[in-house]
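Reading through the C-alpha cells given below for one structure.
Only heavy atoms go into these numbers, but all of them, side chains included; no hydrogens, no water, no symmetry mates. Numbers here are sequence positions counted from 1.
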Amino acid sequence: PLSAMPPKRAAANDAHTIECTINLHKRIKGIGFKKRAPRAVKETMKFAKLMMGTDDNRVEQELNKHIWSKGIRNVPYRIRVRLERKRNEDEDADEKLYTLIKHVPGDVKGLNSKVIDADDEE
C-alpha cells in the first residue's frame with residue numbers, strides 16, 4: 001500500500017554545502033583522447049546531480065581550468081570539489097535550486113566527504 005512507503009525526500013529542501021573528491025579516472029576510462037576533458041566536465045556535473053539532487057549544475061571557471069590544465073587527453077585522476085546548493089535568485093527559473101561546483105586546491109588523497117556549515121563558509 002502507498003501508506004506503508006516512507007515519505008519521499010524533497011530534492012533537498014534548501015541551501016547546503018559539501019566538500020568531496022571525485023574520482024574522474026574511473027569515469028573517463030575508455031573514452032577517446034579528444035573527448036576526455038569535455039567528458040570529465042560533464043561527469044562532474046552528473047556527480048553534482050547525484051549528490052545534490054539538482055538538475056541545474058554550474059561548473060566554476062577555476063574548476064574547468066583545472067580539469068583542462070593538463071590538456072584534453074590527460075585529465076587529473078581525482079579532483080576535490082565543493083558543491084554548494086543555492087537558491088535560484090532568478091524568478092522565472094525552472095528550478096528553485098542550483099548547485100555551484102567549485103574547485104578546492106590541494107591534496108586529494110585520503111580525504112573524506114564533509115559537510116560545510118553555512119556559518120564557517122566565507
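Scanning both residues, N57 and M45, for their nearest heavy atoms gives O-CE, 3.1 Å. Across all non-hydrogen atoms, the minimal contact from V104 to V81 is CG2-C, 3.9 Å. I72 and V75 get closest at one heavy-atom pair: O-CG2, 4.1 Å. Contact detail for F47 and L83: the closest heavy-atom pair is CE2-CD1, 4.1 Å. The shortest non-hydrogen separation linking H66 to H103 is CD2-NE2, 3.4 Å.
Distance CZ/R80 to CG/D107: 9.5 Å, rounded to 0.5 Å. In this structure, the separation between OG1 on T17 and NZ on K86 is 7.5 Å, given to the nearest 0.5 Å. Atom CZ of R78 is separated from atom NE2 of H25 by 9.0 Å, given to the nearest 0.5 angstrom. Interatomic distance, OG1 of T21 versus CD1 of I79, reported as 9.0 Å (0.5 Å rounding). Atom CG of D14 is separated from atom CZ of R87 by 4.5 Å, given to the nearest 0.5 angstrom. Separation of atoms OH (Y98) and OG1 (T54) is listed at 10.5 Å; rounding is to 0.5 Å.
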Let me have the donor-acceptor pairs involving side chains of residues 32-42, under 3.5 Å, with sequence neighbours excluded, atom names and distances please.
| residue | atom | partner | partner atom | Å |
| --- | --- | --- | --- | --- |
| R36 | NE | R73 | O | 3.0 |
| R36 | NH1 | I31 | O | 3.0 |

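In this view, K49 and D55 satisfy the salt bridge (Lys or Arg N to Asp or Glu O under 4.0 Å) rule, not counting sequence neighbours. Remark: R58 pairs with D56 by the side chain to side chain donor-acceptor pair (under 3.5 Å) rule, at least two apart or across chains. Shown here are the side chain to side chain donor-acceptor pair (under 3.5 Å) partners of E43, two or more places apart in sequence or in another chain: there are none. For the side chain to side chain donor-acceptor pair (under 3.5 Å) test, no residue two or more places apart in sequence or in another chain qualifies with T44. N74 pairs by the side-chain contact (heavy atoms from CB on, under 4.5 Å) definition with K70, not counting sequence neighbours.
Looking at heavy atoms from C-beta onward, L111 lies out of side-chain contact with E19 at the 4.5 angstrom threshold. Using a 4.5 Å cut-off on side-chain heavy atoms (C-beta onward), K102 and E62 make no contact. For the pair I22/R27, a side-chain contact is recorded, criterion being any heavy-atom separation below 4.5 Å from C-beta on.
Hydrophobic clustering of Ile, Leu, Val, Met, Phe, Trp and Tyr side chains at less than 4.5 Å, counting indirect connections, keeps V115 apart from L50. Both I18 and L24 belong to a single network of hydrophobic side chains, linked directly or stepwise wherever heavy atoms of I, L, V, M, F, W or Y lie under 4.5 Å apart.
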Using side-chain contact (heavy atoms from CB on, under 4.5 Å), reason through T99 and M51 one step at a time and then give a plain yes or no. CA-CA 10 Å; T99 302; M51 297 298 281; over 6 Å; no

